[in-house]
Amino acid sequence: MSVRAIGRMAWYGGRFTPSPSTPVPMPALSSLLQPSTNVRRALHALALLGLVAILVAGSIPGARAEVGAYASGVVLHGMTYAFLATLWFLGATGTPLQRALKAMLAVALMGAVDEWVQGFFPYRSGDVRDWLVDVTAATLASSLLAVLDTLAPAPQSARSAHPR
């Protein structure tokens, strides 16, 4: 395993880890970015439940037009799918890059399902541009989370497993 020291942090197996004499910064961020297995499952379930809520709300005649008075489609899609990507990233396992890719793929599929379902309603239509906004939002959110996860210290159990 290669170790590269950067200031008071060292690079161990895909993440920065504090040196033994450095106090652990941001422990709350670390535990948020790397939740337990049960929380991970719940986050994925919440993301899927969010997709179902989007599909149901999108099928209500006139609902999209009413919401559109407050926010544009780009803003709605961007915020919604960035949130879904965040839930999926936090629920995923693997390296930060793997988790980001999983979140982007999941959101790309969710957005495609959303746009496909809209095609079944005469008052709605699926649009590739909306899907591109979904994927872009997921990419930005997942990338930011991957960077934060890389910079956050490893949880206590992972730190003790790495040689110093």
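Not measured: the values here are computed from a predicted model. Just the heavy atoms: all of them, side chains too, but no hydrogens, waters or symmetry mates, feed the values below.
- In this structure, CG in Leu132 is found 10.0 Å from OG1 in Thr139, a value given to the nearest 0.5 Å.
- Asp134 and Gly111 make their closest contact through OD2-CA, 3.5 Å (heavy atoms, listed as atom of the first residue, atom of the second, distance).
- Tracing side-chain contacts under 4.5 Å through hydrophobic residues (I, L, V, M, F, W, Y), one never reaches Val56 starting from Leu84; they form parts of separate clusters.
- In this structure, Arg99 and Ala92 approach most closely via the heavy-atom pair NE-O, 3.1 Å.
- At distances below 3.5 Å, at least one donor-acceptor pair connects side-chain atoms of Trp131 with backbone N or O atoms of Ala108.
- Residues Gly78 and Val133 approach most closely at N-CG1, 3.8 Å, considering heavy atoms.
- Between the Lys102 side chain and the Trp88 main chain, no donor and acceptor come within less than 3.5 Å of each other.
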Stepwise side chain to side chain contact (heavy atoms under 4.5 Å, CB included) check, Thr95 with Gln98: CA-CA 5 Å; Thr95 66; Gln98 290 170 338; 3.2 Å; yes
Steps toward side chain to side chain contact (heavy atoms under 4.5 Å, CB included) verdict (Glu115, Met110): CA-CA 9 Å; Glu115 297 304 320; Met110 289 180 200; over 6 Å; no
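- Between Tyr81 and His77, the two ring planes are parallel [angle under 30°; tilted spans 30° to 60°].
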Evaluation steps, side chain to side chain contact (heavy atoms under 4.5 Å, CB included), between His44 and Leu87: CA-CA 7 Å; His44 279 167; Leu87 292 175; over 6 Å; no
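- Residues Ile54 and Asp114 share a closest heavy-atom pair of CG2-OD2, 3.8 Å.
- By the rule that hydrophobic residues join a cluster once side-chain heavy atoms approach within less than 4.5 Å of another member, Leu51 and Phe120 end up as members of one cluster.
- The line from CD of Gln118 to CG of Asp130 is 6.5 Å long, rounded to the nearest 0.5 Å.
- Hydrophobic clustering, with ILVMFWY side chains joined whenever heavy atoms are under 4.5 angstrom apart, groups Leu48 together with Val113.
- Heavy atoms only, all atoms of each residue included: Ala141 and Thr86 are closest at CB-OG1, 4.1 Å.
- Between Val39 and Pro35, the closest heavy-atom pair is CG1-CB, 3.5 Å.
- The side-chain heavy atoms of Phe89 and Leu43, taken from C-beta on, include no pair separated by under 4.5 Å.
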Check against side chain to side chain contact (heavy atoms under 4.5 Å, CB included), Val107 and Val135: CA-CA 7 Å; Val107 168; Val135 173; 5.7 Å; no
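- The backbone N or O of Leu140 sits nowhere less than 3.5 Å from a side-chain atom of Ser143 that would complete a donor-acceptor pair.
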